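Quantities reported herein were computed from a predicted structural model and do not represent experimental measurements.
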Amino acid sequence: MKIFWTKEKCIGEAKKYEWKTDFIKESPGAWAACKKWNCVEEATVNLKIKLNRHWTKETCWIEAKKYVSRGDFYSKSKGAYIFSGRKGWRDEICSHMISDIVYWTYELCKTEALKYQSRSQFSSQSGGAYNFATSNKILDEICEHMKPQGNLFKRMIYCYEFSDNTVYIGLTYNEDKRKSEHLTDGKGPVAKYILKRGIKPKYKKLNDFVDEITAKNLEQKFINEYTSKGWKILNSTKAGALGGNSTKWTKEECKKVAQFYNRRVDFQHSPKHYTAYSAACKHKWLDYVCEHMVPVRKYWSREKCIEEVKKHKSKIEFMRKSGGSYNYASRNGFLNELWIYLDKS
């Protein structure tokens, strides 16, 4: 809702803040109106002022010595970082720093992979190493230690055996999650039987992850085997029920739900649509269904920065909405050159 700022509203808005810079940053409309109504001094009379630091090469150098990487320098002393970039000193004063960029090798990827228990965890928490391993076809080798994980297309069979010859046989795409559900969800057949009889069951993994059709047949096979040996079966549903989201994703259905996301990583880890992402990966539709999405990484150049800055109307808008371009221009010493292109439409 658009606010029509009066002098009184501007003064009231300013009272919400302790610092003048916070007022300017958080309420730019009120700040602009203060200047229009010539009430800046009246509105900000009780606000504290953060003194601007006048950076020199020497003070930037002293500041930079506090940090071990450019990432730390930027996040903790943005003023010195940006100013040194404008003046072309940054490479010199950051020469002692460790690079924030990791150049992955086979050995580094192998060491990194050992930190994770599954490929999905490896991918989400160390995307650079995972992508390097995938591109160089070493993923299978460095992930040998990892526990297999199921998905929409892969299931494993397990059972819970009770000492009174009662058994529950099931199939799942996520072993750890399903084990937790059985023991904590009071509505499930295993948990109900534990409460009823006071017997702690023995968990068994009956086979590894296989495709869903094979999994359905195996579940029935194990039910038949246990039944023939005199076991009482606890299962309340027919063998082969896949559980979870069993939507049969088509190419167009995947495309449809992908429209809800702007990045592949959000689509991949969506609690609601991750199975659509899995289907798109399996059938090699991913590039098609994600073609509208913002690229994960954009490689900037002077020409791309110029095209980017033309989309914005002010320096602050450019900085907020295109931080990658802004930082690239700052690092490479041509940020001031971009301002002539602002709002030329």
**Study point:** Intermediate values then yes/no, side-chain contact (heavy atoms from CB on, under 4.5 Å), Trp231 and Glu225
**Key:** CA-CA 9 Å; Trp231 287 78; Glu225 287 182 2; over 6 Å; no
Review point. Between the main-chain N or O of Tyr326 and the side-chain N or O of Ser330, is there a donor-acceptor pair closer than 3.5 Å?
Key: no
Check your understanding: Can you tell if the side chain of Met156 reaches within under 4.5 Å of the side chain of Thr172, non-hydrogen atoms only?
Key -> yes
Review point. Between Ile142 and Leu114, is there a shared hydrophobic cluster once you connect ILVMFWY residues whose side-chain heavy atoms come closer than 4.5 Å?
Key: no
**Study point:** Close side-chain approach of Cys143 to Phe122, heavy-atom, < 4.5 Å
**Key:** yes
Review point. Does a side-chain heavy-atom distance below 4.5 Å link Leu234 with Val167?
Key: no
Check your understanding: Which residues satisfy the side-chain hydrogen bond (donor to acceptor under 3.5 Å, both in side chains) test with Glu317, sequence neighbours excluded?
Key -> His312
Point to revise | Single-linkage hydrophobic cluster Met319~Trp339, side-chain heavy atoms < 4.5 angstrom | key: yes
Review point. So which residues get pulled into Tyr17's cluster when ILVMFWY side chains under 4.5 Å apart are joined, directly or through others?
Key: Phe23, Ile24, Trp31, Val40, Leu47
**Study point:** Spacing of OG1 belonging to Thr56 relative to CD belonging to Glu63, to within rounding of 0.5 Å
**Key:** 11.0 Å
Exercise for review: State, without any angle test, whether Thr275 and Trp249 hold a side-chain donor-acceptor pair at a distance under 3.5 Å.
Suggested key: yes
Exercise for review: Would you mind reporting whether Arg86 and Asn336 have side-chain heavy atoms less than 4.5 Å apart?
Suggested key: yes
Review point. Can you tell me if CH2 on Trp37 sees more than 12 non-hydrogen neighbours from other groups inside 6.0 Å?
Key: no
**Study point:** Backbone N/O of Ile223 and side chain of Thr227: donor-acceptor pair under 3.5 Å
**Key:** yes
Revision key, fill the gap. Between the CH2 atom in Trp5 and the CD1 atom in Ile11, the distance rounded to the nearest 0.5 Å is 12.0 Å
Practice item. Rounded to the nearest 0.5 Å, what's the gap from OH on Tyr81 to CZ on Phe73? Could you check? Key: 8.0 Å
Revision key, fill the gap. Closest heavy-atom pair, Ala279 versus Cys254, reported as atoms and distance to 0.1 Å, is CB-SG, 4.1 Å
Check your understanding: Using 30° and 60° as the class limits, which term best fits the ring planes of Tyr158 and Tyr160: parallel, tilted or perpendicular?
Key -> perpendicular
Review point. Taking all non-hydrogen atoms of both residues, which atom of Thr250 and which atom of Trp285 are closest, and how far apart?
Key: C-CZ3, 3.4 Å
Review point. Does Arg155 pair with Glu219 as a salt bridge, N-O distance under 4.0 Å?
Key: no
**Study point:** Flag, side chain of Thr134 to backbone of Tyr130, donor-acceptor distance under 3.5 Å
**Key:** yes
**Study point:** Glu291: side-chain hydrogen bond (donor to acceptor under 3.5 Å, both in side chains) partners, not counting sequence neighbours
**Key:** Lys255
Review point. side-chain contact (heavy atoms from CB on, under 4.5 Å) between Gln259 and His292: does it pass, once the steps are laid out?
Key: CA-CA 8 Å; Gln259 299 299 315; His292 68 286; 3.6 Å; yes
Exercise for review: State the SG-CD distance between Cys109 and Glu112, to the nearest 0.5 angstrom.
Suggested key: 8.0 Å
Point to revise | Axial cation check for Tyr67 ring with Lys76, 6.0 Å and 45° limits | key: no
Review point. Do the ring planes of Tyr328 and Phe334 sit parallel (below 30°), tilted (30 to 60°) or perpendicular (above 60°)?
Key: perpendicular
**Study point:** Val289 versus Ala258, closest heavy-atom pair with distance
**Key:** O-CB, 3.3 Å
**Study point:** Non-hydrogen side-chain atoms of Phe162 and Ile194 separated by less than 4.5 Å
**Key:** yes
Review point. Any salt bridge (Lys or Arg N to Asp or Glu O under 4.0 Å) pairs touching residues 5-15, not counting sequence neighbours?
Key: Lys7-Glu42, Glu13-Lys16
Exercise for review: Identify the two heavy atoms, one from Cys34 and one from Cys10, that lie closest to each other, and give their separation to 0.1 Å.
Suggested key: SG-CB, 3.5 Å
Check your understanding: Mind checking whether Ser84 and Trp55 have side chains closer than 4.5 Å, heavy atoms only?
Key -> no
Point to revise | Nearest-0.5 Å distance that lies between atom CZ in Phe132 and atom CG in Leu108 | key: 9.0 Å
Exercise for review: Could you go through the side-chain contact (heavy atoms from CB on, under 4.5 Å) check for Asn332 and Trp300 one step at a time?
Suggested key: CA-CA 11 Å; Asn332 290 277; Trp300 294 104; over 6 Å; no
Review point. Of the non-hydrogen atoms in Glu92 and Lys57, which two are nearest, and what is the gap between them?
Key: OE1-NZ, 3.1 Å
**Study point:** Side-chain donor/acceptor of His145 to backbone N/O of Tyr116, under 3.5 Å
**Key:** yes
Review point. Among all residues two or more places apart in sequence or in another chain, which pass the ring pair (Phe, Tyr, Trp, His ring centres under 6.0 Å) test with Trp89?
Key: Phe83
Check your understanding: Considering all heavy atoms of both residues, which atom of Ser163 and which atom of Ile199 are nearest to each other, and what is their separation?
Key -> OG-CG2, 3.4 Å
Exercise for review: Show your reasoning for whether salt bridge (Lys or Arg N to Asp or Glu O under 4.0 Å) applies to Lys256 and Glu252.
Suggested key: CA-CA 6 Å; Lys256 184 178 178 180; Glu252 292 309 317; over 6 Å; no
**Study point:** Single hit among Lys204, Lys205, Lys232, Lys202 for salt bridge (charged side-chain N to carboxylate O under 4.0 Å, His left out) with Glu161
**Key:** Lys204
Point to revise | side-chain hydrogen bond (donor to acceptor under 3.5 Å, both in side chains) partners for Asp287, two or more places apart | key: Arg264
Review point. Is Lys310 salt-bridged to Glu307, cutoff N-O under 4.0 Å?
Key: yes
Exercise for review: Verify the cluster assignment for Tyr106 and Leu139: are they in a single hydrophobic cluster under the rule of side-chain heavy atoms below 4.5 Å apart?
Suggested key: yes
Check your understanding: Which value, rounded to the nearest 0.5 Å, describes the distance between Ile157 atom CD1 and Gln220 atom CD?
Key -> 10.5 Å
Point to revise | Asn235 vs Tyr168 side-chain heavy atoms within contact, under 4.5 Å | key: yes
